[in-house]
Amino acid sequence: MAILPRSMDDVISEPLRAQFEFFLDEHRAALDDCLDGLTEEQARRRLVPSRTTLLGLVKHATFVEKVWFDEAFTGRPRSEIGIPATPDESFMLDDADTVASVRSAHREACAASRAAAAGLGLDDVVTGNRRGPLPLRWVYLHMLRELAQHCGHADILREQVLAVPSRQ
């Protein structure tokens with residue numbers, strides 16, 4: 001993950017772009033951190049009726065990064081990018097998914113997202129999203145909303161996972 005300033009207070013006087021990027025990276029790191037110290041079984045454990053698991057959340061976050069910083073930027077279809085067609089499918093885990101592999105894919109996607117946005121200004125428009133042209137500012141705000149929501153899910157699931165002994 002990116003090297004973050006010590007706290008959000010460090011970016012109060014920074015330009016808006018730096019503030020957005022700090023909060024995006026803070027949430028990206030929090031999702032990555034939700035897998036710290038978990039066994040493969042704990043990371044995959046389903047505690048809710050949906051497909052949501054801690055490992056699935058991080059896998060979904062990888063999908064979201066690719067939707068918003070590849071598909072929306074380039075207009076490439078999801079099949080070409082190598083991601084599922086729908087958000088629901090992005091939570092699905094296969095046998096090859098491990099804590100290490102999902103984390104690695106997430107970190108790579110975040111780095112690619114940073115690189116894709118690096119040359120754009122907040123008011124620059126990306127044209128590959130189904131909604132039509134969108135300014136980078138909107139993409140950043142949407143990503144913050146999405147990541148914050150999933151960080152909350154991860155906090156609750158991690159608390160539940162750690163409260164219940166492993167099924168080994």
Side-chain angles (χ1 to χ4, degrees), residues 1-12 14 16-73 78 81 83-84 86-93 97-118 122 126 129 131 134 136-164 166:
M1 302 307 311
I3 298 173
L4 302 174
R6 288 189 317 274
S7 77
M8 65 183 170
D9 292 340
D10 296 332
V11 298
I12 289 173
E14 295 292 320
L16 186 58
R17 172 79 178 248
Q19 293 175 19
F20 276 140
E21 290 176 351
F22 169 80
F23 283 103
L24 279 170
D25 281 340
E26 183 179 55
H27 285 80
R28 288 167 171 153
L31 276 174
D32 187 79
D33 292 349
C34 81
L35 298 172
D36 283 353
L38 298 182
T39 65
E40 296 294 331
E41 184 276 328
Q42 288 172 317
R44 289 174 165 273
R45 193 179 297 165
R46 267 180 75 179
L47 298 168
V48 294
S50 71
R51 292 183 174 133
T52 307
T53 63
L54 288 166
L55 194 61
L57 277 170
V58 178
K59 188 172 180 177
H60 171 71
T62 302
F63 164 84
V64 170
E65 293 284 343
K66 291 180 178 188
V67 164
W68 287 105
F69 292 97
D70 190 335
E71 180 184 34
F73 278 48
R78 291 177 184 187
I81 296 168
I83 58 175
T86 68
D88 191 49
E89 293 172 281
S90 72
F91 285 91
M92 296 172 76
L93 300 172
D97 290 324
T98 64
V99 169
S101 71
V102 170
R103 275 183 141 166
S104 178
H106 181 245
R107 290 172 183 171
E108 288 172 17
C110 292
S113 295
R114 284 186 212 95
L122 290 176
V126 298
N129 185 264
R131 290 174 178 84
L134 298 166
L136 179 62
R137 170 189 326 274
W138 190 94
V139 172
Y140 275 6
L141 287 168
H142 178 76
M143 282 295 296
L144 283 169
R145 176 183 167 271
E146 178 95 16
L147 294 174
Q149 179 181 22
H150 293 315
C151 283
H153 295 146
D155 286 344
I156 292 166
L157 287 175
R158 185 173 168 87
E159 185 177 322
Q160 290 177 316
V161 162
L162 295 176
V164 177
S166 287

Tell me, please, which residues at least two apart from R158 pass salt bridge (Lys or Arg N to Asp or Glu O under 4.0 Å).
none
Any donor-acceptor N/O pair, R17 side chain to F20 backbone, under 3.5 Å
no
With rounding to the nearest 0.5 angstrom, report the CG to CD distance, L31 to E146.
9.5 Å
Can you check whether F63 reaches T86 side chain to side chain, under 4.5 Å on heavy atoms?
no
Roughly how far, to the nearest 0.5 Å, is OG1 of T98 from CG of L35?
10.0 Å
If I compare all heavy atoms of R78 with all of P87, which pair ends up nearest, and what's the gap?
NH1-CD, 4.3 Å
Run the side-chain hydrogen bond (donor to acceptor under 3.5 Å, both in side chains) test against H27 and tell me which residues pass, sequence neighbours left out.
none
For E65 and C110 the tightest heavy-atom approach is OE2-SG, 3.7 Å
If you round to the nearest 0.5 Å, how far is CZ of R28 from CE of M143?
5.5 Å
Worked verdict on T53 versus R45 for side chain to side chain contact (heavy atoms under 4.5 Å, CB included)
CA-CA 6 Å; T53 63; R45 193 179 297 165; over 6 Å; no
Only residue of T62, D33, D36 satisfying side-chain hydrogen bond (donor to acceptor under 3.5 Å, both in side chains) with R103 is D36
Between the OG atom in S90 and the NZ atom in K66, the distance rounded to the nearest 0.5 Å is 11.5 Å
I'd like to know if the side chain of R44 and the backbone of D97 have a donor-acceptor N/O pair within less than 3.5 Å.
yes
Backbone of A109 reached by a side-chain donor or acceptor of S113 within 3.5 Å
yes
T52: what forms a side-chain contact (heavy atoms from CB on, under 4.5 Å) with it, not counting sequence neighbours?
V48, S50, L57, F91, L157
May I ask you to test the L38-L162 pair for a side-chain heavy-atom distance under 4.5 Å?
yes
By side-chain hydrogen bond (donor to acceptor under 3.5 Å, both in side chains), which residues pair with Q19, not counting sequence neighbours?
none
List for me each residue that meets side-chain contact (heavy atoms from CB on, under 4.5 Å) alongside A72, sequence neighbours excluded, and say none if there are none.
W68, V126, N129
Applying side-chain hydrogen bond (donor to acceptor under 3.5 Å, both in side chains), name anything that partners D9, two or more places apart in sequence or on another chain.
none
Test side chain to side chain contact (heavy atoms under 4.5 Å, CB included) applied to R107 and D32, step by step
CA-CA 8 Å; R107 290 172 183 171; D32 187 79; 2.7 Å; yes
Give me the ring orientation class for H142 and W138: parallel if the planes are under 30° apart, tilted from 30 to 60°, perpendicular past 60°.
parallel
Plane angle bin for F69 and Y140 - parallel if under 30°, tilted between 30 and 60°, otherwise perpendicular
tilted
